[in-house]
K.L.:
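First, the structure itself, so that you have it in front of you.
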Amino acid sequence: MTSLIKGANSNTWVGQIAPHPSVVSRFKRFLDILGSMVGLTILAIVFLPIAIAIKIDSPGPILFTQERYGLYGRTFRIRKFRSMVPDAEQLKSQVKNEASGHFFKSKNDFRVTKVGRFLRSTSLDELPQFWNVFVGEMSLVGTRPPTNDEVMHYCEHHWQRLHVKPGLTGEWQVNGRSQIKEFEQVFELDLQYQTKWHPLYDLSLILKTIYVIIARVGAF
């Protein structure tokens with residue numbers, strides 16, 4: 001089995017690669033299905049109170065939808081609980097990007113609502129993405145799925161990040177999270193995951209993620 005990877009700043013497909021072992025692992029897929037079912041159950045329980053809180057705090061939709069890049073550069077749509085004001089994308093140019101490289105981070109982003117800040121610090125805003133895991137577009141553990149604004153600036157070697165499925169958590173989330181502001185550091189952590197991966201490695205990262213969420217380490 002071989003797959004194709006997009007070239008940098010191009011709509012063409014270049015090169016052939018063998019799939020990463022995690023992509024074809026039945027154990028990883030079983031873990032994803034099991035974990036996503038637990039996550040969707042939690043989502044069903046908390047959806048209504050979170051939706052009410054979002055609506056009271058800020059008028060607008062409950063969910064935020066965005067196109068992301070996944071395995072081998074395939075696009076898919078993620079949904080999160082909305083944590084920003086409705087016109088956040090139009091206001092983005094007014095926010096200073098504190099990260100360097102091909103992603104965006106700002107600790108004091110005025111677009112984030114009060115409820116949204118709580119949802120982000122507890123990672124509750126990510127709960128709807130368990131559906132992406134359930135249908136196979138994402139995994140519980142993998143790389144951070146990039147946006148179109150990010151990949152349009154990729155060099156060819158950066159596409160190696162997408163040799164595995166994007167994940168709800170990963171090396172970046174448990175090794176600094178939002179405190180890491182250099183894209184190349186995130187890239188190196190993604191490659192580290194690909195090198196270290198084995199069937200039980202995901203379990204260790206999931207346990208670390210639970211600790212990070214409870215302790216609210218590096219979240220904003």
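Note that this is a predicted model, so its numbers are computed, not measured.
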K.L.:
Between Glu171 and Arg144, does the side chain to side chain contact (heavy atoms under 4.5 Å, CB included) criterion hold? Intermediate values first, please.
P.N.:
CA-CA 9 Å; Glu171 295 282 1; Arg144 175 182 169 274; over 6 Å; no
K.L.:
Run the side chain to side chain contact (heavy atoms under 4.5 Å, CB included) test on Trp172 and Thr143 for me, step by step, so that the C-alpha distance in whole Å, both residues' side-chain angles and the decisive distance to 0.1 Å come before the verdict.
P.N.:
CA-CA 8 Å; Trp172 172 69; Thr143 61; over 6 Å; no
K.L.:
Counting heavy atoms not belonging to Phe134, are there more than 12 under 6.0 Å from its CZ?
P.N.:
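Check fails, neighbour count at 12 or below.
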K.L.:
I want to check something: taking the side chain as every heavy atom from C-beta on, are Trp197 and His20 in contact at a cut-off of under 4.5 Å?
P.N.:
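The answer is yes; the side chains approach within 4.5 Å.
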K.L.:
Is the Tyr201 ring parallel, tilted or perpendicular to the His198 ring (thresholds 30°, 60°)?
P.N.:
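The arrangement is tilted - the two ring planes meet at 30° to 60°.
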K.L.:
With sequence neighbours excluded, what pairs up with Leu91 under the side chain to side chain contact (heavy atoms under 4.5 Å, CB included) test?
P.N.:
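Leu91 satisfies side chain to side chain contact (heavy atoms under 4.5 Å, CB included) with Val85, Asp87, Gln94, Phe110, Arg111 once adjacent residues are dropped.
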K.L.:
CD/Gln194 to CG/Leu189 distance, rounded to the nearest 0.5 angstrom?
P.N.:
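Reported value, rounded in 0.5 Å steps: 11.5 Å.
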K.L.:
Does one side chain, of Ser83 or Asp125, offer a donor that lies under 3.5 Å from an acceptor on the other?
P.N.:
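No.
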K.L.:
Could you tell me the separation between the CE atom of Met138 and the CZ atom of Arg68, rounded to the nearest 0.5 Å?
P.N.:
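Between atom CE of Met138 and atom CZ of Arg68 there are 8.0 Å.
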K.L.:
Taking only Lys NZ, Arg NE, NH1 and NH2, and the carboxylate oxygens of Asp or Glu, determine whether Arg161 and Glu150 approach each other closer than 4.0 Å.
P.N.:
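The answer is no: the pair does not qualify as a salt bridge.
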K.L.:
Using 0.5 Å steps for rounding, measure from the CZ atom of Arg82 to the CG atom of Asp57.
P.N.:
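Reported value, rounded in 0.5 Å steps: 8.0 Å.
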K.L.:
If you count every heavy atom of other residues, nucleotides or ligands that lies below 6.0 Å from Lys114 atom NZ, does the total exceed 12?
P.N.:
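Not buried by this count: 12 neighbours or fewer within 6.0 Å.
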K.L.:
For a 4.5 angstrom cut-off between non-hydrogen side-chain atoms, does Asn148 reach Val151?
P.N.:
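SC-SC contact between Asn148 and Val151 confirmed.
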K.L.:
Would you say Met84 and Phe118 are hydrophobically clustered, going by side-chain heavy atoms of ILVMFWY under 4.5 Å?
P.N.:
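Met84 and Phe118: separate clusters.
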K.L.:
Could you tell me which non-hydrogen atom of Asn132 sits nearest to which non-hydrogen atom of Arg77, and how far apart they are?
P.N.:
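Where Asn132 meets Arg77 most closely, the heavy atoms are ND2-O, 2.9 Å.
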K.L.:
Which class fits the ring pair Trp159 and Tyr154: parallel under 30°, tilted 30 to 60°, perpendicular over 60°?
P.N.:
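Ring orientation, 0 to 90° scale: perpendicular.
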K.L.:
In terms of hydrophobic clusters joined by side-chain contacts under 4.5 Å, are Tyr69 and Phe64 together?
P.N.:
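No, it is not one cluster - the side chains of Tyr69 and Phe64 are not joined through contacts under 4.5 Å.
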K.L.:
Determine whether Leu40 and Leu43 make a side-chain contact, defined as any pair of heavy atoms from C-beta on separated by less than 4.5 Å.
P.N.:
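In contact.
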K.L.:
To the nearest 0.5 Å, tell me how far Arg120 CZ sits from Glu126 CD.
P.N.:
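Between atom CZ of Arg120 and atom CD of Glu126 there are 9.0 Å.
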K.L.:
Tell me, do Leu162 and Tyr72 make a side-chain contact under 4.5 Å, heavy atoms counted?
P.N.:
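Sidechains of Tyr72 and Leu162: no contact.
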K.L.:
Which residues satisfy the side chain to side chain contact (heavy atoms under 4.5 Å, CB included) test with Ile52, sequence neighbours excluded?
P.N.:
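Per chain and number, Ile52 pairs via side chain to side chain contact (heavy atoms under 4.5 Å, CB included) with Leu48, Ile56.
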K.L.:
First locate atom CZ of Phe130, then atom CG of Asp32, and finally report the distance between them rounded to the nearest 0.5 Å.
P.N.:
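CG of Asp32 is found 10.0 Å from CZ of Phe130.
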